**Student:** 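The structure is given below, and queries will be raised subsequently.
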Amino acid sequence: MSLDHTHLAARRSHVASANGHRDFPIQNLPLGIFAPGGGTPLPGVAIGEMILDLDAALAARLVCSEAAEAVEAVSGGTLNGLLALGARHRRALRSQVFALLEEGSEFAGAVGRCLHRASDCAVLLPARIGDYTDFYAGIQHATNVGALFRPDNPLLPNYKHVPIGYHGRASSVVPSGHDVRRPNGQRKPAADPAPSFGPSRNLDYELELGIWIGPGNALGEPVPIREAADRIAGFCLLNDWSARDIQGWEYQPLGPFLAKNFCTTVSPWIVTPEAMAPFRTAQRPRPEGDPRPMDYLWDEGDQAHGALDLELEVFLVTPGLREKGLPAHRLSLGHASALYWTPAQLVAHHACGGCNLQPGDLLGTGTISTESEGGWGSLLEITRGGKQPVTLASGETRRFLEDGDEVLMTARTRRDGFVGIGFGECRGVVSPAPSVR
Ligand code: MN
């Protein structure tokens with residue numbers, strides 16, 4: 001993937017808040033759907049503390065050719081049509097939006113009339129998600145969780161050969177800021193003789209990356225690994241909220257079901273592969289003795305720059321921390337390099353049997369945990385299944401999440417010589433379970 005003037009660190013925006021912005025400097029330009037004042041959903045680009053209205057830019061003839069086609073493809077308040085067009089159109093749009101927002105742009109006056117303060121807007125899901133699939137590509141997470149059940153043999157024999165995943169529920173994916181309601185369900189602690197129905201007592205989060213599908217593949221037509229990266233329209237943060245007690249009782253033999261389908265939160269801006277180009281990195285070499293990925297998952301280019309150089313953080317804000325004015329508690333600082341499979345390998349594997357991926361589909365990578373304990377991506381791991389509670393500065397302790405707790409995830413790139421970009425926030429507050437009957 002090539003670098004160009006849109007990646008240069010020296011370039012600045014006439015939108016003052018973009019310069020030095022943690023997430024959305026002019027080098028990022030993520031795509032999303034926003035609603036000024038909670039009104040009509042519009043396609044937009046995040047720039048600093050502002051959002052550029054792409055519909056207004058099109059109407060003012062500030063974009064043309066393929067960039068205009070990209071905006072025209074947006075319909076019904078979803079980016080699916082734009083995502084379907086692929087890299088050529090995304091690149092044209094990025095390049096023209098960059099020119100509009102760059103310091104010294106001759107269009108600055110006209111562009112100013114297309115900008116909204118982000119704080120005055122709702123940011124919605126960027127696409128109508130046809131299907132959502134969640135993988136299990138964080139090998140340390142798989143090892144940590146496996147060890148809770150099988151200390152001597154944490155990884156099952158298939159793990160290093162086949163990307164493990166399950167089909168999730170698209171209807172309950174929500175954008176950052178949406179409350180997550182504690183689910184009711186069947187729980188059966190080991191000590192109880194029979195299961196009972198009621199609110200989950202072991203509500204957890206999972207730190208993951210989301211992968212947005214761009215151009216899809218026809219039913220029955222696999223995606224070759226060398227083309228798989230081209231099917232990815234961008235990335236986001238994803239919190240796969242998980243009810244561990246419901247999960248522990250229901251998951252055998254078919255896997256996750258109600259423990260995972262009550263809510264999934266995503267950061268709502270799609271960070272494009274073009275924005276991530278400077279922050280691609282080599283897939284971490286597999287340890288000696290691990291099997292080489294099979295040919296349909298092996299591509300030299302993908303191994304050389306298919307991974308993401310991305311720092312990931314999770315913070316917890318509790319009612320006690322809030323009341324005492326204490327800062328958020330950082331639960332982990334991790335890194336996307338802990339993924340055992342690249343995003344392209346997940347796409348190629350998903351389609352290898354002929355399953356058709358469609359524009360706007362969402363893939364989760366699986367929980368990302370690093371080898372060191374400070375980078376573990378769920379409370380299940382951090383508290384060893386709830387046995388070692390976390391103590392907070394407020395004096396509160398947490399085995400799992402309580403009502404009123406807020407989980408915030410962030411992602412950020414770093415590379416010398418480049419302006420770091422971020423994914424924006426992925427946050428949600430836990431609200432009480434609905435009363436039973
Ligand atoms: Mn998950």
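No experiment lies behind these values; they were computed from the predicted model shown.
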**Student:** Considering residues at least two apart in sequence or located in another chain, which fulfil the side chain to side chain contact (heavy atoms under 4.5 Å, CB included) criterion with E250?
**Tutor:**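 With neighbours one apart ignored, the set is I246, F257, L258, A259.
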**Student:** Compute both the distance and the angle, then confirm whether R292 meets the cation-pi test with W298: under 6.0 Å from the six-membered ring centre, within 45 degrees of the axis.
**Tutor:**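 Relative to the ring axis of W298, which defines the angle, R292 lies inside both limits.
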**Student:** Kindly compute the distance separating CD1 (I139) from CG (D290), expressed to the nearest 0.5 Å.
**Tutor:**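 Between I139 CD1 and D290 CG, I get 6.0 Å after rounding to 0.5 Å.
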**Student:** Output the distance between atom CD1 (I26) and atom NE2 (H7), rounded to the nearest 0.5 Å.
**Tutor:**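 I26 atom CD1 to H7 atom NE2 measures 12.0 Å (nearest 0.5 Å).
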**Student:** Check whether more than 12 heavy atoms from other residues, nucleotides or ligands sit under 6.0 Å from atom CZ of R286, and answer yes or no.
**Tutor:**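 Correct, the count exceeds 12.
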**Student:** So, E49 and S17: side-chain donor and acceptor under 3.5 Å apart, yes or no?
**Tutor:**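 The answer is no; no qualifying pair exists.
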**Student:** Between S378 and E381, do the side chains contain an N or O donor and an N or O acceptor separated by less than 3.5 Å?
**Tutor:**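 Result is yes, a qualifying pair exists.
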**Student:** Verify the distance criterion only: is there a donor paired with an acceptor across the side chains of D204 and S242 at less than 3.5 Å?
**Tutor:**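 No.
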**Student:** Are the charged groups of E425 and R22 less than 4.0 angstrom apart, N to O?
**Tutor:**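 Here E425 does not pair with R22 in a salt bridge, since their nearest N and O are not under 4.0 Å apart.
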**Student:** On the ring face of W241, is R169 found with NZ or CZ under 6.0 Å from the centre and within 45° of the axis?
**Tutor:**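 Because its charged atom misses either the 6.0 Å distance or the 45° angle limit, R169 does not stack over W241.
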**Student:** If you measure from OG1 on T383 to CZ on R399, what distance do you get to the nearest 0.5 Å?
**Tutor:**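 Output value for this atom pair is 7.0 Å.
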**Student:** How far apart are the closest heavy atoms of A277 and L3, and which atoms are they?
**Tutor:**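 It is CB-CD2, 3.7 Å.
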**Student:** Could you check whether F34 and H116 have their ring centres less than 6.0 Å apart?
**Tutor:**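 Yes; F34 has its ring centre under 6.0 Å from that of H116.
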**Student:** Over all heavy atoms of both residues, which pair between F262 and A243 is shortest? Give the atoms and the distance, please.
**Tutor:**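 In terms of heavy atoms, the two residues are closest at CE2-N, 3.9 Å.
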**Student:** Under 3.5 Å, is there a donor-acceptor pair between the side chain of R398 and the main chain of T318?
**Tutor:**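 No.
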**Student:** Describe, in one word, how the ring planes of Y296 and H349 are oriented to each other, choosing from parallel (under 30°), tilted (30 to 60°) and perpendicular (over 60°).
**Tutor:**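 Tilted.
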**Student:** List in chain and number order the residues that pass side chain to side chain donor-acceptor pair (under 3.5 Å) with H89, two or more places apart in sequence or in another chain; answer none if no residue qualifies.
**Tutor:**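 Only E69 meet the side chain to side chain donor-acceptor pair (under 3.5 Å) criterion with H89.
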**Student:** For the pair D53 (side chain) and D55 (backbone), establish whether a donor and an acceptor sit closer than 3.5 Å, ignoring hydrogens and angles.
**Tutor:**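 Checked: pair present.
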**Student:** With sequence neighbours excluded, give me every ring-ring contact (aromatic ring centres under 6.0 Å, His included) pair touching residues 163-188.
**Tutor:**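 Qualifying pairs: H167-H350.
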**Student:** Any donor and acceptor pair, going by atom type alone, linking the side chain of N28 with main-chain N or O of P25 inside 3.5 Å?
**Tutor:**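 Side chain of N28 to backbone of P25: no pair is present.
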**Student:** If you measure from OG on S200 to CZ on R181, what distance do you get to the nearest 0.5 Å?
**Tutor:**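 Rounded to the nearest 0.5 Å, the OG-CZ separation comes out at 14.5 Å.
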**Student:** Walk me through it: do D23 and I421 pass the test side chain to side chain contact (heavy atoms under 4.5 Å, CB included)?
**Tutor:** CA-CA 5 Å; D23 292 317; I421 63 174; over 6 Å; no
**Student:** If only atom types and distance count, is the side chain of D361 paired as donor or acceptor with the main-chain N or O of Q358 below 3.5 Å?
**Tutor:**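 Side chain of D361 to backbone of Q358: a pair is present.
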**Student:** Parallel, tilted or perpendicular: which fits the ring planes of Y136 and Y159, with parallel below 30° and perpendicular above 60°?
**Tutor:**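 Geometry flag for Y159 against Y136: perpendicular rings.
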**Student:** Could you tell me whether a side-chain N or O of R280 sits under 3.5 Å from a main-chain N or O of G306, the two making a donor and an acceptor?
**Tutor:**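 The answer is yes, because a donor-acceptor pair under 3.5 Å joins these two groups.
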**Student:** Does the side chain of L42 come within less than 4.5 Å of P36's, by heavy atoms?
**Tutor:**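 In contact.
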**Student:** For the atom pair NE2 (H305) and CD (E300), what is the distance rounded to the nearest 0.5 Å?
**Tutor:**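 The distance works out to 10.0 Å.
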**Student:** Within the side chain of Q27, is there an N or O that forms a donor-acceptor pair under 3.5 Å with the backbone of R11?
**Tutor:**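 Present.
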**Student:** So do the side chains of L316 and R330 get within less than 4.5 Å of each other, counting heavy atoms only?
**Tutor:**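 In short, these two side chains do not touch, never coming nearer than 4.5 Å.
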**Student:** Okay, side chain of R113, backbone of A60: is any donor-acceptor separation there less than 3.5 Å?
**Tutor:**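 No, the answer is negative, given that no donor and acceptor are paired below the 3.5 Å cut-off.
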**Student:** Decide, yes or no, whether a salt bridge links E206 with K260 under the criterion of side-chain N to carboxylate O below 4.0 Å.
**Tutor:**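 Counted as a salt bridge, because a side-chain N and a carboxylate O are separated by less than 4.0 Å.
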**Student:** Would you please test L333 and L312 for side chain to side chain contact (heavy atoms under 4.5 Å, CB included) and show each step?
**Tutor:** CA-CA 6 Å; L333 167 61; L312 306 167; over 6 Å; no
**Student:** Do M409 and R427 have side chains that approach each other closer than 4.5 Å (heavy atoms only, starting at C-beta)?
**Tutor:**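 Not in contact.
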**Student:** Looking at L101, is its backbone amide N or carbonyl O close enough to the side chain of S13 to form a donor-acceptor pair, meaning the two atoms are under 3.5 Å apart?
**Tutor:**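 Pair found, side chain donor or acceptor close to backbone of L101.
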**Student:** Assess, by modelled atom type and distance only, whether the side chains of N144 and Q140 contain a donor and an acceptor separated by less than 3.5 Å.
**Tutor:**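 Per modelled atom types, N144 and Q140 side chains form a pair under 3.5 Å.
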**Student:** As an exercise, state the distance from CG of N261 to OH of Y132, rounded to the nearest 0.5 Å.
**Tutor:**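 Separation between the atoms: 10.5 Å.
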**Student:** Which heavy-atom pair separates A336 from L308 by the least distance, and what is that distance?
**Tutor:**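 Shortest heavy-atom contact: CB-O, 3.6 Å.
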**Student:** Verify the neighbour count for atom CZ of R150: are there more than 12 heavy atoms of other residues, nucleotides or ligands below 6.0 Å?
**Tutor:**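 Yes.
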